[in-house]
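Reading through the structure tokens given below for one structure.
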Amino acid sequence: MLRLHDTATGQVEPLRQRDAGRVSMYVCGPTVYDVPHLGHGRFSLVFDVLRRYLLFGGLDVDYVSNITDIDDKIIARAAAEGRPPDQVAAEFEAVWWQVMRSLGVLAPTHAPRATQWVAPMVDLVGELLATGKAYVTAGGVYLSVGSVDGYGLLARQSLDSLRSGARVDVGEEKRSPLDFALWKRAKPGEPAWDAPFGAGRPGWHTECVAMSLGLLGDGFDLHGGGADLAFPHHENERAQAVALGRRFAGHWAHNGWVVVEGEKMSKSLGNFTSLTDLLQRSDPRAYRLLVLRSHYRSPIEVTPPTVADAEKGLARLDALARRFALARLDAPGAAPEAVTAEGALAAGADASSVEAFTSRMDDDLDASGALAGVFDLVTRANVAADGGRSDEARRLAVTVVQLCGALGLALRGGGPDEAGGPGTPDGPTAALVAERDAARAARDFARADAIREQLAGAGWVVEDGPGGTTIRR
RNA sequence: GGCGGCGUGGCCGAGUGGUUCAGGCAGGGGCCUGCAAAGCCCCCUACCCGGGUUCGAUUCCCGGCGCCGCCUCCA
């Protein structure tokens with residue numbers, strides 16, 4: 001049974017299910033006003049790993065992750081570029097899904113767009129007004145947080161203490177600095193939807209309430225996102241649900257930062273902040289491995305050296321898959337379909353290793369520890385193979401591939417038909433390989449080395465094994 | 001000002017009141033190999049500082065120092 005840190009209590013607690021055998025989770029998705037950055041990648045990977053691990057345990061998972069496609073930033077960018085906001089949103093949403101695919105993130109069960117949920121949001125704001133806990137101003141509708149019991153839970157601070165630190169914007173019509181917009185009245189030229197309290201657009205915090213409750217129902221199991229969403233975003237979502245007397249998320253999970261050279265990543269810090277850049281420069285699986293290597297709540301350093309380190313770790317895993325000609329879990333995309341414990345065992349994985357993996361992961365998703373166990377299996381598999389114990393070796397190697405698959409890591413066994421694999425050498429290249437084998441058989445090592453140079457020049461890594469020369473990219 | 005987190009061996013990064021241990025990467029030495037690559041073995045080996053609790057603390061408590069984050073849009 002998975003135990004997971006809950007931001008609301010500050011404790012690691014069992015992740016309870018409202019409906020037996022089924023987990024309902026909501027993860028705050030991106031505002032699509034720009035290309036995704038490393039932080040988007042991290043939360044997507046973290047919650048993908050969580051989801052996969054729940055699936056691994058045989059649970060069904062309803063996974064909802066939204067697209068915020070109407071927002072001040074989108075409007076600002078559209079205005080700056082002289083095009084409609086929905087065009088900006090559509091462009092960056094497309095980039096988003098493409099990046100998610102390349103990271104091997106399983107597609108959400110539902111991926112609602114804010115603009116398609118405006119009607120429920122208008123209803124929700126109307127209900128809040130009816131309770132008297134929300135109020136209308138010239139600029140829109142605000143929620144009075146002082147009327148909400150327990151406001152500050154996720155910040156783990158009292159309302160008073162939050163108030164004392166709050167910065168007050170001049171010119172706002174809020175009754176309290178912490179009150180937040182449920183609805184923003186449209187200024188001329190801005191996109192607007194009709195509402196009884198004035199045409200405008202929803203405030204950011206409102207959409208997640210409407211969509212999570214609408215798609216997953218009251219008292220859904222888990223709400224997640226990056227640590228900076230805990231306050232105020234998630235707190236403000238919770239406040240709305242509480243104000244309406246509805247049961248909201250049963251458990252809150254937040255992942256840690258991406259840092260660059262010791263500081264929170266920011267767009268001003270140049271290199272590697274864009275996820276698309278990272279994925280162009282390195283194996284997308286390396287970022288997943290990097291994320292898996294540290295605890296999900298810890299900050300991670302993502303820099304060229306740490307990425308390179310992860311790529312080398314990946315190479316060790318791939319080499320094992322190659323040695324045993326395993327790893328077909330990557331079809332059809334960059335990541336495997338969900339792997340279940342049952343499926344892993346049926347595929348021949350070692351039961352005690354699966355158990356060890358499970359107990360690590362059950363402990364607040366200790367992926368780093370689980371991964372250490374996997375690397376241990378790599379060594380054991382190689383040792384067994386070197387020692388001629390091929391059945392044992394194969395069982396351990398299968399375990400590695402299956403457990404990596406459970407974490408969403410597709411290993412590459414070097415098969416020519418493998419998605420994302422090296423591809424089949426063309427005729428002339430294959431002829432060179434054959435010629436090199438002949439030269440080695442004839443002990444013409446000068447010729448063999450020359451051919452290796454030539455192949456290396458074309459980007460092939462040459463490996464001589466008992467069965468002859470193999471090459472790979 | 002309020003609240004929270006972190007400080008581990010060359011680097012990254014887990015974990016724990018006590019004999020041996022994370023794990024990866026890098027480095028050194030060996031084995032294997034025609035040479036490489038891959039693989040295996042061995043070595044390098046830590047817990048910010050000062051008190052306290054304890055038979056014993058890197059692990060618990062207190063204090064200090066340093067770093068980081070949230071309190072404002074932010075993954």
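Side-chain atoms are counted along with the backbone in the values below, which use heavy atoms only and exclude waters and symmetry mates. So you know, we letter chains A, B, ... as the sequences are listed, proteins then strands, and number each from 1.
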What integer number of Å spans the P atoms of B:U59 and B:C6? 14 Å
Short question: side chain of A:Arg288, backbone of A:Gly104 - any donor-acceptor pair under 3.5 Å? yes
Measure CZ/A:Arg436 against P/B:A37 and give the value in whole Å, please. 13 Å
Taking a pair to mean Watson-Crick or G-U wobble geometry with both distances below 3.5 Å, B:C11 pairs with B:G24
Classify the nucleic acid contact of A:Gly10 as base, sugar-phosphate or nothing, counting any heavy atom under 4.0 Å across all strands shown. nothing
Less than 4.0 angstrom from a charged side-chain N to a carboxylate O is my criterion; do A:Asp449 and A:Arg452 meet it? yes
How many whole angstroms separate atom CD of A:Glu453 from atom C1' of B:A37? 13 Å
To the nearest Å, how far apart are A:His295 NE2 and B:C68 P? 22 Å
Sticking with atom P, work out how far B:C3 lies from B:G9, rounded to a whole angstrom. 31 Å
By ring-ring contact (aromatic ring centres under 6.0 Å, His included) - contacts of A:His234 (at least two apart): A:His223, A:Trp252, A:His254
Of A:Gly226 and A:Arg452, the one whose nearest nucleotide on RNA chain B sits closer to the 5' end is A:Arg452
Would you call the rings of A:Tyr135 and A:Tyr142 parallel, tilted or perpendicular, taking 30° and 60° as the class edges? parallel
With a 4.0 Å cut-off on N to O distance, would you call A:Glu463 and A:Arg322 a salt bridge? yes
Complementary nucleotide for B:G34 - Watson-Crick or wobble, under 3.5 Å: none
Answer with base, sugar-phosphate or nothing: what part of the nucleic acid does A:Ser44 contact at a heavy-atom distance below 4.0 Å? nothing
Across the strands shown, which category fits A:Val374 at heavy-atom distances under 4.0 angstrom: base, sugar-phosphate, nothing? nothing
For A:Asp366, is there any backbone N or O sitting under 3.5 Å from a side-chain donor or acceptor partner on A:Asp363? no
Let's test this: given Watson-Crick or G-U wobble pairing with both distances under 3.5 Å, identify the partner of B:C44. none
Hey, which of these two, A:Asp228 or A:Arg380, hits RNA chain B nearer its 5' end, going by closest nucleotide? A:Arg380
Provide, to the nearest angstrom, the distance between the CG atom belonging to A:Leu377 and the P atom belonging to B:G39. 15 Å
What contact category does A:Leu320 fall into here, base, sugar-phosphate, or nothing, at under 4.0 angstrom with non-hydrogen atoms? nothing
Separation of atom CZ in A:Arg440 from atom P in B:A37, rounded to whole Å: 14 Å
Using atom C1' in both nucleotides, what's the gap between B:C32 and B:G39 to the nearest angstrom? 8 Å
Quickly work out the A:Ile451 CD1 to B:C35 P distance and round it to whole Å. 18 Å
If I pick the C1' atom on B:A14 and the same atom on B:U8, what distance separates them, to the nearest angstrom? 10 Å
How far, in whole Å, is B:G30 from B:C65 if one measures between their P atoms? 50 Å
Does OP1 or OP2 of B:G13 have a side-chain N or O of A:Thr306 closer than 4.0 Å? no
Between the protein and nucleotides 19-26 of chain B, are there any N/O to N/O pairs under 3.5 Å, and if so, what are the atom names and distances?
| unit_1 | atom_1 | unit_2 | atom_2 | d |
| --- | --- | --- | --- | --- |
| B:A22 | N1 | A:Ser368 | OG | 3.2 |
| B:C25 | O4' | A:Asp309 | OD1 | 3.1 |
| B:C25 | O2' | A:Asp309 | OD1 | 3.1 |

A:His254 near the nucleic acid: base, sugar-phosphate alone, or nothing, with a heavy-atom cut-off under 4.0 Å? nothing
Using atom CG of A:Asp160 as one end and atom C1' of B:G1 as the other, report the distance to the nearest whole Å. 14 Å
Take the angle between the ring planes of A:His40 and A:Trp96 and call it parallel below 30°, perpendicular above 60°, tilted in between. perpendicular
Quick one: which of B:C71, B:A14, B:G34 gets closest to the side chain of A:Pro232? B:C71
Which nucleotide in the list B:A36, B:G34, B:G13 gets nearest to the side chain of A:Glu301? B:G13
Among A:Thr206, A:Ile75, A:Asp71, find the residue that satisfies the side-chain contact (heavy atoms from CB on, under 4.5 Å) test when tested with A:Arg201. A:Ile75
Please give the distance between the P atoms of B:C11 and B:A46 as a whole number of Å. 13 Å
Just by protein heavy atoms under 4.0 Å, how would nucleotides 2-7 of chain B read 5' to 3' in B, S and -? BS----
Considering every strand and a 4.0 Å limit on heavy-atom distances, what is the contact class for A:Asp449: base, sugar-phosphate, or nothing? base
Does the ring center of A:Tyr63 lie less than 6.0 Å from the ring center of A:Tyr26? no
Hey, are the side chains of A:Asn255 and A:Phe47 touching, using non-hydrogen atoms and a 4.5 Å cut-off? yes
Need the pair for B:G50. Rule: Watson-Crick or G-U wobble, both distances under 3.5 Å, any strand; none if unpaired. B:C62
A:Met361 side chain near A:Leu407 side chain, heavy-atom distance below 4.5 Å: yes
Using the C1' atom as the point on both nucleotides, what is the distance between B:G66 and B:A75, in whole Å? 27 Å
In whole angstroms, how far is the C1' atom of B:U16 from the CG atom of A:Asp363? 12 Å
NA contact type, A:Phe445, heavy-atom cut-off 4.0 Å: base, sugar-phosphate, or nothing? base
Counting heavy atoms from C-beta on, name the nucleotide in B:C40, B:A75, B:G15 closest to the side chain of A:Asn255. B:A75
Paired nucleotide for B:G4 [Watson-Crick or G-U wobble; both distances under 3.5 Å]: B:C68
Assign A:Asp464 to base, sugar-phosphate, or nothing according to its heavy-atom contacts below 4.0 angstrom with the strands shown. base
With a 3.5 Å distance limit and no angle check, can you tell me whether A:Asp48 reaches the backbone of A:Leu106 through a side-chain donor-acceptor pair? yes
Is there a Watson-Crick or G-U wobble partner for B:C73 with both distances under 3.5 Å, and which nucleotide is it? none
Does the distance from a Lys or Arg side-chain N to an Asp or Glu carboxylate O, for A:Arg238 and A:Glu235, drop under 4.0 Å? yes
In terms of side-chain heavy atoms of A:Asp366, which of B:G34, B:A14, B:G39 is nearest? B:A14
Using atom C1' in both nucleotides, what's the gap between B:G56 and B:G17 to the nearest angstrom? 8 Å
